[in-house]
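Written out below as structure tokens is the structure these notes cover.
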There are 2 protein chains.
Amino acid sequence: MTFFNEQPITSADKTFFQLRKEIVEGEIVQGSKLSETELSTKYSVSRAVIREAINRLEASHLVERKANVGARVVSLTAEGLLELYQVRESLEGMAARLAALNMTDQEITDLQSLLSSHFNEVKSGESYYQEAGDVDFHYRIILGSKNKHLISMLLDGIYHLVRMYRVQLGMSGPRVTTAYDEHKHIVQAICNRDAELAEMLMRRHILYSKSSIENKLEHTMQ
Amino acid sequence: MTFFNEQPITSADKTFFQLRKEIVEGEIVQGSKLSETELSTKYSVSRAVIREAINRLEASHLVERKANVGARVVSLTAEGLLELYQVRESLEGMAARLAALNMTDQEITDLQSLLSSHFNEVKSGESYYQEAGDVDFHYRIILGSKNKHLISMLLDGIYHLVRMYRVQLGMSGPRVTTAYDEHKHIVQAICNRDAELAEMLMRRHILYSKSSIENKLEHTMQ
DNA sequence: AACCAACAAATTGTCGACAAAGTTACAGTA
DNA sequence: TACTGTAACTTTGTCGACAATTTGTTGGTT
């Protein structure tokens, strides 16, 4: 799911996207070592493009590197999840605040119609909502902040790590309808241009979803 | 001022630090193009290490890159400064909140003594405070959050850009003593383990310092 | 058996050269 | 003169080879 217009230009782009996908979806298992020579033969590219891809993965917090030693895929831990959601709470709260100030009326209208189409899916019992729908909702609010740094930190930075936790913990479960209500209230606040409230609601929304995913992690990992 | 233990290992490390320093301090002027071949002859290293350094500068939001075109140093603008401080407010607010929860008693004691040594400097009229002292104060609170993502986003990420604005706008001016009072209240909140208040005070502190630096920018540019 | 040192193997870091894409200059045409 | 297409040139992207560092192994000594 590359849901925003990220089209690869160079060979390093393609390799980076491919590697990121495989890491997020667990095809390359967490904690495993990324050998440059190995990957270069696997993808039929030179080590230079592999190195560039790994550098970018490091900037995305998906791998960790040590000089003269190599790169490893990050490991998913309860502490890591907690820290990740603390950052999310902070940044997305600010995104909601700014979205209430900076989104155009048209963008807000689109967001509302997106939400009502989600409502129909939820009512008809499709589980599609939580995965793509939730991401789409948050995605639009982040863009609505119109803050370049915020956008790149969230979308290029930590969001793929969030997805990695979600995917590898087999996200689905309940919390679909309650999340819908929370989304509705956030949109309402944005529509009213109530920045203060929008931030507060978004922070609470993320706190709730953290608890939800935390349970899964406790049960999944020993 | 590399105030935290960042010691270069590889040649790319050294080049990265050097380039970052020159960009932050304005020796390489904002908006200028970074030619790979040119830099490689200037620093007597291969283009490979220059490319890695530029990639890292891009991850630090200090340069912008376009595929098959090249990299340019970012330009300092009023909008960019606003966006940067919005992110700072968000992240450092959370850092203060977490610091109130996670700093050890010893770390808090050290922070208090740091503050009182600052007080003496302020009282004796040294302007040293605003530059290094302020950075040191924020630095400790960020580390005190004990949140890996928060720390790397702030210290590796946006803090050098903050310094770039400060240095190139010739930071000094007033606001020294008032900032000291704000710092004092933040430390007090942390000492009381009042996370809510610590976050609120830090956010207001950053908002104030934004207004201060914004004035300078209006007067300095065009 | 445990420890240390030197050596061997594998991996990462660095380099110069070639390929590909973009930019500029110039000539030709309308 | 303005515009367009082509060609030369410059810059970035990619590659394979070499250098430097780390890791694993083997041999010897206590």
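Here the structure is a predicted model, which means the values were calculated and not measured. Numbers restart at 1 for each chain; the letters A, B, ... are given by sequence-line order, proteins then strands.
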According to a strict under-4.0 Å criterion, is [X] in side-chain N/O contact with OP1 or OP2 of [N]?
X       : N      : result
A/Ser46 : D/dT14 : no
A/Arg51 : C/dG13 : yes
A/Lys33 : D/dT23 : no

Rounded to whole angstroms, how far apart are [atom1] on [X] and [atom2] on [N]?
X       : N      : atom1 : atom2 : answer
B/Ile9  : C/dT12 : CD1   : C1'   : 13 Å
A/Glu36 : C/dT12 : CD    : P     : 5 Å
A/Arg65 : C/dT12 : CZ    : P     : 9 Å
B/Asp13 : C/dG13 : CG    : P     : 9 Å
A/Phe16 : D/dG13 : CZ    : C1'   : 17 Å
B/Lys14 : C/dT14 : NZ    : P     : 9 Å
B/Tyr43 : C/dC15 : OH    : P     : 15 Å
A/Lys66 : D/dT22 : NZ    : P     : 13 Å

Item checked: Closest nucleotide among D/dT12, D/dC15, C/dT14 to the A/Arg47 side chain ->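 The closest nucleotide is C/dT14.
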Notebook entry, point to check: Which listed nucleotide (C/dG22, D/dT14, C/dT14) is nearest to the side chain of B/Asn68?
Noted result: C/dG22
Notebook entry, point to check: Of B/Leu34 and A/Val69, whose nearest nucleotide on DNA chain D comes first from the 5' end?
Noted result: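 The residue mapped nearer the 5' terminus is B/Leu34.
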Notebook entry, point to check: Does B/Ala48 or B/Ser35 map to a spot on DNA chain D nearer the 5' end, using the closest nucleotide for each?
Noted result: B/Ser35
Check: Are the charged groups of B/Glu36 and B/Arg51 less than 4.0 angstrom apart, N to O?
Finding: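 Salt bridge flag = yes for B/Arg51 with B/Glu36.
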Check: So, are B/Glu27 and B/Lys42 salt-bridged, with charged N and O less than 4.0 Å apart?
Finding: no
Next item on the list: Give the minimum heavy-atom separation between B/Val87 and A/Leu150, together with the two atoms involved.
Entry: CG2-N, 3.9 Å
Item checked: Rounded distance [0.5 Å steps], CG in A/Leu207 versus CD in A/Gln86 -> 9.0 Å
Checklist line | Flag if over 12 foreign heavy atoms under 6.0 Å of NZ, B/Lys14 | finding: no
Notebook entry, point to check: So, A/Glu38 and A/Tyr43: side-chain donor and acceptor under 3.5 Å apart, yes or no?
Noted result: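 Not at all, the side chains of A/Glu38 and A/Tyr43 share no donor-acceptor pair under 3.5 Å.
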Notebook entry, point to check: Mind checking whether A/His138 and A/His183 have parallel, tilted or perpendicular rings, split at 30° and 60°?
Noted result: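 Perpendicular, since the angle between the ring planes exceeds 60°.
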Notebook entry, point to check: If an axis is fit to five pairs at each end of the helix from C/dA1-D/dT30 to C/dA30-D/dT1, what is the angle between the two, to the nearest 10°?
Noted result: 10°
